[in-house]
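Take a look at the structure set out below.
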Amino acid sequence: MPVSTRSQVFGNQDDPNRSQRVRLRSDQEEPQLAPSPLQRNPHHGLKEKMKALTQFYEQQKKQTAALRNPTSSNRIEEQRFSTHPSVGLLGSKRKEEKESKMEEVMKEKLQKPSAQMEEQRFSTNPSAELLGSQRKEEKAIETERIMKENVFRLVALPTVGVAADEGEGKENLMGLVGNVGFSCPKKGTVIRKLSMGSSAPKSEVGIRRETAIGGELDKISENSMIGSRILVFVRLRPMAKKEKEAGSRCCVRIVNRRDVYLTEFATENDYLRLKRVRGRHFTFDASFPDSTSQQEVYATTTADLIEAVLQGRNGSVFCYGATGAGKTYTMLGTVENPGVMVLAIKDLFAKIRQRSCDGNHVVHLSYLEVYNETVRDLLSPGRPLVLREDKQGIVAAGLTQYRAYSTDEVMALLQQGNMNRTTEPTRVNETSSRSHAILQVIAEYRVKDGADVVSRIGKLSLIDLAGSERALATDQRTLRSLEGANINRSLLALSSCINALVEGKKHIPYRNSKLTQLLKDSLGGACNTVMIANISPSNLSLGETQNTLHWADRAKEIRTKACVANEEVIQVPAPEADQAKLILGLQKENQELRMQLVRHQQKLLTMEAQSLAANCSPTPSSVSSLLSTPCSTKPIEKHRTKSSLLAGKCFSTPEPKKKGAEETVRELRQAVKALEIEMERMKKEHAMQIMQKENLIRELTQKNEKSLGGEGMTRILTRASLRPKEPAERTRIKGERTATAGELKSPSHRFQSPVPPVKKRTFWDITTANSPSVTNLNGRKTRSHVAPDQAPSMLLQLAYPCFWFVLMLGPHVVNYILQPGFARPRTNPLNR
Ligand SMILES: Nc1ncnc2c1ncn2[C@@H]1O[C@H](COP(=O)(O)OP(=O)(O)OP(=O)(O)O)[C@@H](O)[C@H]1O
């Protein structure tokens, strides 16, 4: 049932000056401002008449002045009615905002054209603009005359304005007399200039981005490096189908793309206030009606931050609002209507491409969510991340930082991240985000500055907060309610931080939640921060909308630290020559490593082939090759694992092959053992044979002794001489014997004749070997001054006369001499 109401209070509830409220009639669906009391009732109070007149004159005077001075006119228009009002508002103080707000209200009351007409007049439509200016011109001529007559009276008039206090009245008056309604910002006012330089992008929708008061603001901005105010924007979403079906009414009206009027309709059950309508009015840097395009929102709120980020400054954009108010739509958007995140990244890469000639840009990307008070990496989900504070501020330890080279790549990452994001349908929103998502883009710019390198690092944080909600709005006692409670808790922590910052408290309770910890830089750090408050038009969500607008209004007063560029000069350590050397060295090393790699690959291939051959037929050669490289099995296995992993399949039969190799090794070990046993046996046999031969020799010697005993001659017999396979030697000995009997040969010749392999140690050998070092003629101490090859001949020379002497003696003496080291032959004492 439509509620019929009579004129009620519409104004700021906090406004202490209740006597100066503006009344309006709201028997229509949208709150319509009541006609001026002057028009409605000519017998109205004198005070009201005076006020109305004052306002009327004020308006006329401004228009006249605007016509006289087109430049200032443009400025005023830009400031007041621009589709980009944040620019004009930057220089205004809170009081000025109130003042202009009141102007608007009065204008609506006094002038026939409604707020919608005003919008049309000053819309981007050129015909509308033309109409507006023509009308202004006509009025100007008429009002100029009145102005001249009444200017004195106007100055003498008391303070005007709906909610103006004394100070404001003075300012207003100043405005009237002075610079046609536009009062300059006070000295020391901190203003953040949206336009960050000449290269600032022009909006695609034809929004003029140049500052309204150009140089003036520039100067102030430059001089006041104390900090900057958070810019707050409001976006109204269209009425949803569900809401329409539920019979909800629009309770939000946006005027001049800046003012937000909130109307509270009395409910049917509220009998006491059945016919009453209450409303509130807010002013923001810009307010977007439901018809605003995504591109326009981006151009107004974020485009300039991109430019600043590329200059090494930090920037943050966060969407705040109740569930289903359009935060995710604003931030992410849809495929057809991409949101701020997508447009910002596209813009960033487009700008980087433009500047690529003068330096190197590196873009890193990370995407995380805060869900139920845990921080999670959206690009590589896993364990919850821990927040740590370091020099750069609060960071999530272990967060993946992807290097992005193109917009497409970032889009893919963003899509991947969004798929990992927690979204659940709630009663309010079918695709409700149950977590706060933060996309962080770090742009590093390096450029050579003489010998040094200048590095600038700018960080852009794009934050899509989860929606605040009433407990009843979501499902009760379920996971959703727990999520809701956590979301509300973190948003409450956010509002506490906003309060503390606004009140200038020393302690800001950032640690109360993960969200506020992550937003610490954006709220209180050196950062250009933008807040977009999303609201629903439905009167069913009035409470949430009011709450959102309240906090957005508070946030306007937060001042962040001076945002200076994060610039670092990196000194190049080595001169160019050293660098060239370094490069050469590195190239060499690289080449060597490549060669090594090739060699290793070849080795691996060979080993693999060998192992395969061994497994197919365990021939001794293949096995021996395996045994010769016992470690070779490991690299082969490694290689297999890698290749199988890369191929995405496992090695088919690794077990049998392993078994085959082991068996072969076992067999070989057995073979070695058998060989060892055989060798032992052969050794023993050989020893036996030697024994037998020695016995034989002894027997033969004895026989010889017997046969030669009568002649008194001893035959020299050696083992070698007894060998059956050496007849030549025997002949030689015979010949020797013959020679000894006949002609004498030289001693040297005689020395060479005995069989060399069975050389016995002689006295000379032993003495020279055991003798202590002797000093030679040069005084040098040597082990022996005689060369080893000379010794035998000398021995022979000495032994020669002895030899004949010995021959003359009996075989016993010969035997004695032949014993090594003159060891006495063991003789049986009985034989003696
Ligand atoms: N400006 C807009 N134009 C058209 N549709 C919009 C607009 N804003 C929001 N919507 C639609 O409203 C619905 C809710 O929006 P959205 O999911 O962005 O809300 P939200 O604030 O992110 O909610 P939650 O906090 O629960 O995640 C969506 O279907 C979305 O398409």
Side-chain angles (χ1 to χ4, degrees), residues 205 233-246 248 250 252 254 257 260 286-301 317-343 369-372 378 414 417-439 462-475 479-491 494 515 531-538 540-541 543-545 547-549 551-552:
V205 285
F233 302 93
V234 168
R235 186 179 195 187
L236 177 70
R237 73 154 165 79
M239 187 81 85
K241 206 177 163 190
K242 257 189 183 178
E243 289 167 337
K244 276 180 194 164
E245 283 166 4
S248 65
C250 178
V252 184
I254 289 173
R257 297 193 173 244
V260 180
S287 301
F288 306 106
D290 55 1
S291 56
T292 317
S293 70
Q294 296 275 64
Q295 182 64 49
E296 195 178 336
V297 172
Y298 166 73
T300 313
T301 58
V317 182
F318 66 95
C319 275
Y320 175 83
T323 180
K327 298 180 295 295
T328 311
Y329 183 84
T330 304
M331 268 306 182
L332 271 174
T334 57
V335 181
E336 305 84 47
N337 297 307
V340 168
M341 278 184 184
V342 180
L343 295 173
E369 72 168 354
V370 183
Y371 173 72
N372 277 349
L378 286 174
L414 204 60
N418 288 328
M419 272 155 68
N420 294 327
R421 198 177 166 194
T422 319
T423 52
E424 292 289 343
T426 59
R427 279 183 205 168
V428 183
N429 185 4
E430 273 178 19
T431 52
S432 178
S433 316
R434 311 307 294 160
S435 64
H436 311 292
I438 302 176
L439 174 77
L462 301 164
I463 305 146
D464 175 19
L465 296 179
S468 59
E469 58 198 48
R470 281 172 295 163
L472 278 170
T474 50
D475 302 344
L479 185 65
R480 298 291 83 76
S481 62
L482 175 75
E483 286 168 356
N486 274 316
I487 293 166
N488 285 347
R489 199 196 308 164
S490 54
L491 291 172
L494 177 63
L515 173 72
M531 175 181 182
I532 303 172
N534 289 86
I535 50 169
S536 153
S538 168
L540 301 175
S541 321
E544 284 91 341
T545 307
N547 195 35
T548 304
L549 292 174
W551 286 111

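Just so it is clear, the model here is predicted, and its values are computed rather than measured. As the structure lists them, so they are numbered: ligands from 1, and atoms in each ligand from 1.
Partners of Asn418 by side chain to side chain contact (heavy atoms under 4.5 Å, CB included), not counting sequence neighbours, listed by chain and number: Leu332, Tyr367, Leu414. Ala533 meets the side chain to side chain contact (heavy atoms under 4.5 Å, CB included) test with Val234, Thr548, Ala552; sequence neighbours excluded.
Between Ser541 and Ser536, the shortest heavy-atom distance links the atoms OG-OG, 3.7 Å. Shortest non-hydrogen contact noted between Arg421 and Asp464 is NH1-OD2, 2.8 Å. Minimum interatomic distance between Glu296 and Phe288 (heavy atoms only, all atoms of both residues): O-CE2, 4.5 Å. In terms of heavy atoms, Gly326 sits closest to Thr330 at O-OG1, 2.7 Å.
The contact set between ligand 1 and Arg235, taken as ligand atoms under 4.0 Å from a residue heavy atom, comprises 1 (N). Within ligand 1, counting atoms from 1 as listed, the ones closer than 4.0 Å to a heavy atom of Thr323 are 23 (O), 24 (P), 25 (O), 26 (O). Set against the non-hydrogen atoms of Ala322, the atoms of ligand 1 under 4.0 Å away are 21 (O). In the vicinity of Pro238, heavy-atom distances shorter than 4.0 Å reach the ligand 1 atoms 1 (N), 2 (C), 3 (N), 4 (C), 7 (C).
Between Thr328 and ligand 1, an N or O atom pair is found at a separation short of 3.5 Å. The shortest N or O to N or O distance between Ser433 and ligand 1 is below 3.5 Å.
Distances from atom 23 (O) of ligand 1 to the heavy atoms of Gly467, Ala466, Gly324 show the closest one on Gly324. The nearest non-hydrogen atom to atom 25 (O) of ligand 1, considering only His436, Lys327, Met331, Arg434, comes from Lys327. When the options Gly321, Ser291, Gly326 are ranked by their closest heavy atom to atom 15 (O) of ligand 1, first place goes to Gly326.
Among the candidates Ser538, Pro537, Pro289, the single residue satisfying the side-chain contact (heavy atoms from CB on, under 4.5 Å) test with Arg237 is Pro537.
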